[in-house]
Structure formats: C-alpha cells, structure tokens
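Every chain is numbered from 1 and lettered A, B, ... according to where its sequence line falls, protein lines coming before strand lines.
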2 protein chains.
Amino acid sequence: MGLTKTEIFTEEQNQMAAWLKAMAHPARIAILQRILQSNTCICGDLVEELGLAQATISQHLKELKNAGIIQGTIEGVSICYCIEPKTWKLLQNQLGDFFASYQGEQNCC
Amino acid sequence: MGLTKTEIFTEEQNQMAAWLKAMAHPARIAILQRILQSNTCICGDLVEELGLAQATISQHLKELKNAGIIQGTIEGVSICYCIEPKTWKLLQNQLGDFFASYQGEQNCC
DNA sequence: ATTATACATCGTAATATTGCGATATAAATA
DNA sequence: TATTTATATCGCAATATTACGATGTATAAT
C-alpha cells in the first residue's frame with residue numbers, strides 16, 4: 001500500500017486535507033507569512049531569506065499554487081506570487097467553522 | 001536528503017506545520033469531525049464507520065494524539081478519545097490570526 | 001545575436017507516510 | 001485461570017515527500 005484511500009472519504013474531507021497538506025510544512029508556512037506580511041507580491045527574495053536552494057523554494061511555491069492557495073503572475077523577468085483570495089476566504093471559513101464546532105468538554109474524559 | 005530542515009525555521013513555524021500535518025489526511029479529518037459531532041468520547045466505533053482496518057485507525061489516532069490535538073483515556077476495555085481543549089483553542093487562535101492577517105488584494109497581481 | 005537574470009523542471013538520494021495482516025497487551029468476563 | 005474484547009504495536013510493501021545539483025526556458029539588457 002502507501003496511497004491514501006481517497007475514494008472512501010467525501011469530496012470535502014479530501015479537499016480540506018489537500019489544503020492543510022499544502023500548508024503543513026514550515027517552509028510553506030514561512031512563505032505564506034512572508035506574502036501576508038509584505039502584503040504585496042513576492043518574487044525571488046524568498047530564496048535569500050529562507051535558507052533553502054532555489055529549486056526547493058520553487059517546488060514549495062508550486063505546491064501552494066497547485067492547492068490553489070497562492071497564484072503567480074509573470075512580472076517581466078521575475079514571477080509575482082500572492083494569495084489567491086477566493087481559496088483563502090473559503091479555507092478561512094471552513095476552518096473557522098470546523099474549529100468553532102467544538103462545544104467544549106462536556107461528557108468527556 | 002529527504003528530511004525537513006527544521007533548524008532553519010522558528011519554533012512557531014515548526015509547531016504550526018506539525019499541527020497542520022497531523023490534520024492533513026482525510027481519515028484524520030473524518031475522525032476529528034466524528035469526535036466533534038458526537039461531542040463526547042469516541043472509541044472503536046470509528047473502525048466500523050470509516051472503511052479502514054483497525055491497525056490503520058489506531059495509527060491515525062496515535063498521530064493526532066502525538067500532535068496533542070486529541071487525548072485518550074482508558075474507559076474499561078475500550079479507550080475514550082476526545083479533543084484536547086488547550087491545543088484546540090491555541091490552534092484555533094493561531095490559525096484565526098494567520099488567516100485574518102490577509103489584507104485583501106492591494107498592490108497585487 | 002549574445003549574455004544575464006529569474007524561475008521551472010528533471011533526476012536522484014534519503015527519508016516519511018499509508019495501509020494492513022499478524023501479533024502483543026491489558027482489562028473484563030466466564 | 002482461561003477467554004473474550006478492545007486497542008496498540010511490529011514489520012513490511014507501496015508510494016510520497018523533501019532537498020538539491022544540473023539543466024532547461026523565457027524575458028531583458030547589452
């Protein structure tokens with residue numbers, strides 16, 4: 001084995017897992033924080049700021065892009081990455097609901 | 001290679017990544033939903049409800065427990081799993097802040 | 001046209017994850 | 001004490017992830 005049995009879960013469960021997985025790496029958290037903080041597009045600055053090789057950063061950016069969390073547009077020689085607003089808000093809402101659905105310890109251990 | 005370079009990231013970035021990673025699997029999302037929904041402790045019902053083998057479920061529960069997201073207490077023969085309130089609230093707040101720090105598209109692509 | 005710059009992609013090695021059968025453990029019951 | 005019940009752990013095979021050097025590609029500058 002070694003592959004997730006996606007077919008036994010709902011579309012929503014798989015989507016949520018995919019989003020979380022895309023963010024579940026310190027480098028990708030750092031990239032997102034950097035984009036959020038500067039509140040504008042981020043290009044190759046990342047390679048110097050994080051201590052990872054250019055190929056590695058590029059790969060991480062690709063994963064965030066594939067998950068729909070960021071988007072990249074060509075800006076001359078470099079590429080400009082920023083948050084994909086739609087996905088961001090969707091994920092924000094879904095995660096918000098998910099966490100808020102906890103009613104606190106009641107009949108619990 | 002093949003191992004994450006945790007030493008170049010902050011404690012917070014690594015912790016957040018670890019929490020997200022623990023939740024970044026459809027089975028573990030399903031388990032958490034089940035716990036949240038029934039609002040009480042969950043034992044072996046999961047094995048019948050999800051379509052995964054007992055060993056697999058046990059492993060997923062272990063990962064959620066190791067991340068501090070759920071806790072398990074022995075309840076006679078079976079084990080009772082529920083949300084770990086402290087971690088849950090912490091993660092809820094940190095994720096909330098993280099997502100809320102997005103200022104919307106401004107100087108962006 | 002050539003060169004420089006900024007990324008992306010390929011290929012590969014090291015390691016991690018996923019899933020499960022088999023087996024171990026520990027509490028409850030007969 | 002022996003057996004049942006509920007869960008954990010081991011060991012393995014299949015696959016995925018992480019990281020990076022090397023190389024490809026496309027735009028800008030010379």
Closest to the side chain of Gln59(A), out of dT7(D), dA19(D), dT18(C), is dA19(D)
Atom CD1 of Ile57(B) and atom C1' of dA6(D) are separated, to the nearest Å, by 14 Å
If each of Lys62(B) and Phe9(B) is mapped to the nucleotide of DNA chain D with the nearest heavy atom, which maps nearer the 5' terminus, i.e. the 5' end? Lys62(B)
Nucleic acid contacts - residues 49-56 of chain B versus DNA chain C, non-hydrogen atoms under 4.0 Å: Leu52(B), Ala53(B), Ala55(B), Thr56(B)
Applying side chain to side chain donor-acceptor pair (under 3.5 Å) to Glu49(B) and not counting sequence neighbours gives Arg34(B)
Less than 6.0 angstrom separating the ring centers of Phe98(A) and Trp88(B), yes or no? yes
Round to a whole Å and report the spacing from CD of Glu75(B) to P of dA8(D). 14 Å
I want to check one thing: is the phosphate of dA8(C), taken as OP1 and OP2, less than 4.0 Å away from some side-chain N or O of Tyr81(A)? yes
Spacing of Leu64(A) atom CG relative to dT18(D) atom C1', expressed in whole Å: 14 Å
Leu20(A) side chain near Leu95(A) side chain, heavy-atom distance below 4.5 Å: yes
Going by the rule side chain to side chain contact (heavy atoms under 4.5 Å, CB included), which residues pair with Ala55(A) if we only count those two or more places apart in sequence or in a different chain? none
Tell me which of Val77(A) and Val77(B) sits closer to the 5' end of DNA chain D, going by the nucleotide each one is nearest to. Val77(B)
Could you identify which residues of residues 11-26 of chain B place a heavy atom less than 4.0 Å from some atom of DNA chain C, listed by residue number, or say none? Lys21(B), His25(B)
Residue closer to the 5' end of DNA chain C, Lys65(A) versus His60(B) (nearest nucleotide): Lys65(A)
Is a side-chain N or O of Arg28(A) found less than 3.5 angstrom from the main chain of Ala22(A), in a donor-acceptor match? yes
Let me know the distance between CD1 of Ile79(B) and C1' of dA28(C), rounded to the nearest Å. 14 Å
Ile74(A) CD1 to dT5(C) C1', in whole Å, measures 15 Å
When you measure from the side chain of Trp19(A) to the backbone of Leu91(A), do you find a donor-acceptor pair of N or O atoms at a distance under 3.5 Å? no
Report yes if at least one side-chain N or O of Ser78(B) is closer than 4.0 Å to OP1 or OP2 of dA6(D); otherwise report no. no
Residue pair Gln15(B), Gln94(B): steps toward the side-chain hydrogen bond (donor to acceptor under 3.5 Å, both in side chains) verdict: CA-CA 11 Å; Gln15(B) 174 65 270; Gln94(B) 289 199 205; over 6 Å; no
Residue set satisfying side chain to side chain contact (heavy atoms under 4.5 Å, CB included) with Gln59(B), at least two apart, ordered chain then number -> none
Just how far, in rounded Å, is P of dT9(D) from CG of Leu61(B)? 11 Å
When the distance from CD of Glu63(A) to C1' of dT17(D) is rounded to whole Å, what number comes out? 8 Å
Sorted by chain and residue number, the ring-ring contact (aromatic ring centres under 6.0 Å, His included) partners of Phe9(B) (sequence neighbours excluded) come out as none
